[in-house]
Protein chains: 2
Amino acid sequence: MRESKRKRLESKGWRFGTAAEFLHLSPEEAAYVELKAKLANNLRARRERKRLTQQGLARLVKSSQSRVAKMEAGDPSVTLDLLIRALLALGASNREIAKTISLSHGASAS
Amino acid sequence: MRESKRKRLESKGWRFGTAAEFLHLSPEEAAYVELKAKLANNLRARRERKRLTQQGLARLVKSSQSRVAKMEAGDPSVTLDLLIRALLALGASNREIAKTISLSHGASAS
DNA sequence: ACAGAATATATCAGTCCTGACATATTGTCA
DNA sequence: TGACAATATGTCAGGACTGATATATTCTGT
């Protein structure tokens with residue numbers, strides 16, 4: 001990876017031990033990122049299905065529009081805790097959350 | 001709930017808006033606590049199956065024995081993030097984690 | 001192209017979580 | 001029972017995350 005790209009990504013909160021790790025995440029890291037992405041996508045799907053704006057969802061979960069945007073983007077500054085709490089606030093059950101996690105990556109949300 | 005009991009529980013990190021909320025958690029709160037408990041139980045089961053001590057698991061996940069104990073106890077100071085990262089470090093797949101989450105509460109881990 | 005709404009990105013002070021450490025309790029085996 | 005290992009509980013400084021705010025960018029209809 002080009003040095004400039006690493007710098008740019010690091011400035012956004014993504015961390016790498018070495019440049020080579022970028023496309024060679026450890027299995028745990030990869031699984032973690034994928035998990036987060038699935039929950040993020042599902043959050044957006046649920047919000048849109050309810051025809052809520054990010055602002056509206058922010059009120060519902062007592063957060064802010066900007067943080068909701070970061071949740072849906074799977075931003076590294078957002079924890080699984082926050083994502084899951086938001087999903088629960090939107091009425092998702094644990095079973096539905098589990099289903100989301102098992103879904104093949106890229107599949108649309110229920 | 002008696003004031004003394006509330007105080008004691010609050011000192012351990014559990015928070016209540018009012019005393020009445022103790023046995024009447026909101027659906028989200030209940031789901032969150034249950035989710036945490038399932039992951040915590042599964043973590044202990046996986047560790048024991050591998051015949052690791054808490055100390056050993058702590059080294060594996062770069063944490064400490066005391067924090068591992070707290071993870072397995074579902075302590076309020078432990079996030080889902082930490083629990084899930086620990087499970088992934090023990091080799092659990094996202095699908096297995098999802099399965100754990102769907103399992104009926106109290107069931108033993110796979 | 002323009003205006004207004006929705007979403008994305010940047011920054012930051014305060015809060016919460018973390019690992020580490022100390023210590024207490026429980027479990028186990030002789 | 002006593003010695004030792006394992007687990008539980010308490011505390012805390014430092015770092016990570018949060019909501020808020022400001023601003024930029026993208027989207028949508030006209």
Side-chain angles (χ1 to χ4, degrees), chain A residues 5 7-17 28-29 32-33 35-37 39-90, chain B residues 7-17 28-29 32-33 35-37 39-41 43-90:
Chain A
K5 180 170 189 183
K7 281 285 177 45
R8 189 160 48 76
L9 286 165
E10 282 184 344
S11 77
K12 299 199 174 195
W14 300 95
R15 303 274 156 55
F16 312 99
E28 299 101 282
E29 289 172 309
Y32 177 80
V33 169
L35 181 45
K36 205 149 141 177
L39 295 173
N41 290 342
N42 190 245
L43 181 64
R44 169 157 289 172
R46 280 178 188 277
R47 174 178 65 82
E48 289 180 341
R49 175 169 304 204
K50 295 202 171 192
R51 309 222 186 282
L52 279 170
T53 64
Q54 290 183 343
Q55 189 70 248
L57 174 55
R59 269 184 220 105
L60 208 64
V61 303
K62 283 156 192 157
S63 182
S64 61
Q65 178 269 325
S66 65
R67 190 138 291 273
V68 170
K70 280 165 186 164
M71 290 184 215
E72 293 182 353
D75 187 280
S77 82
V78 171
T79 60
L80 294 179
D81 255 87
L82 191 59
L83 277 168
I84 287 178
R85 280 183 185 281
L87 284 167
L88 293 174
L90 276 180
Chain B
K7 280 286 175 47
R8 191 160 47 77
L9 286 165
E10 282 185 342
S11 78
K12 299 198 175 198
W14 300 96
R15 302 273 155 54
F16 311 100
E28 298 102 282
E29 289 171 308
Y32 177 81
V33 169
L35 182 45
K36 206 149 138 177
L39 294 173
N41 291 341
L43 181 63
R44 169 158 289 171
R46 279 178 188 277
R47 175 178 66 80
E48 290 179 340
R49 174 169 303 207
K50 296 203 171 195
R51 310 221 186 283
L52 279 171
T53 64
Q54 290 183 344
Q55 189 69 247
L57 174 55
R59 270 184 220 106
L60 208 65
V61 303
K62 281 156 192 162
S63 182
S64 60
Q65 178 269 325
S66 65
R67 189 136 293 273
V68 170
K70 280 162 187 160
M71 290 183 214
E72 292 182 354
D75 188 279
S77 82
V78 171
T79 58
L80 294 179
D81 257 87
L82 193 58
L83 278 168
I84 287 179
R85 280 183 183 283
L87 284 167
L88 293 173
L90 276 180

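Every chain is numbered from 1, with letters handed out A, B, ... down the list of sequences.
When the P atom of D:dT9 is taken as reference, atom CE of B:Met71 falls 15 Å away, rounded to whole Å. Taking atom CG of residue A:Asp81 and atom C1' of nucleotide C:dT15, one finds them 14 Å apart after rounding to whole Å. Atom P of nucleotide D:dT7 and atom CG of B:Leu43 are separated by 12 Å, given to the nearest angstrom. With rounding to whole Å, A:Leu83 atom CG is found 12 Å from D:dC17 atom P.
A donor and an acceptor atom never sit less than 3.5 Å apart when one is taken from the side chain of B:Lys70 and the other from the base of C:dG19. The base of C:dC21 is paired with the side chain of B:Ser66 by a donor and an acceptor separated by under 3.5 Å. Between the side chain of B:Gln55 and the base of D:dA5, no donor-acceptor pair under 3.5 Å is found.
Side chains of B:Gln54 and B:Gln65: a donor-acceptor N/O pair is present below 3.5 angstrom, by distance only.
At a threshold of 4.0 angstrom between heavy atoms, the contacts of A:Ser64 include nucleobase atoms, whether or not backbone atoms are also involved. Nucleic acid contact for B:Arg85: none, since no nucleic acid atom lies under 4.0 Å from a heavy atom of the residue. Using a 4.0 Å heavy-atom criterion, one finds that B:Val78 contacts the sugar-phosphate atoms exclusively. Within 4.0 Å (heavy atoms only), B:Arg44 reaches sugar-phosphate atoms of the nucleic acid but no base atom.
For the OP1/OP2 pair of C:dA6 and a distance below 4.0 Å, the side-chain nitrogens and oxygens of A:Gln65 include no atom meeting the criterion. A sub-4.0 Å separation between OP1 or OP2 of C:dT18 and a side-chain N or O of B:Thr79 is present.
Distance check: A:Glu48 CD to A:Glu72 CD gives 7.0 Å after rounding to the nearest 0.5 Å.
Residue order along DNA chain C, read from the 5' end via each residue's closest nucleotide, puts A:Glu72 first among A:Arg67 and A:Glu72.
At least one donor-acceptor pair closer than 3.5 Å links the side chain of A:Lys36 to the backbone N or O of A:Val78.
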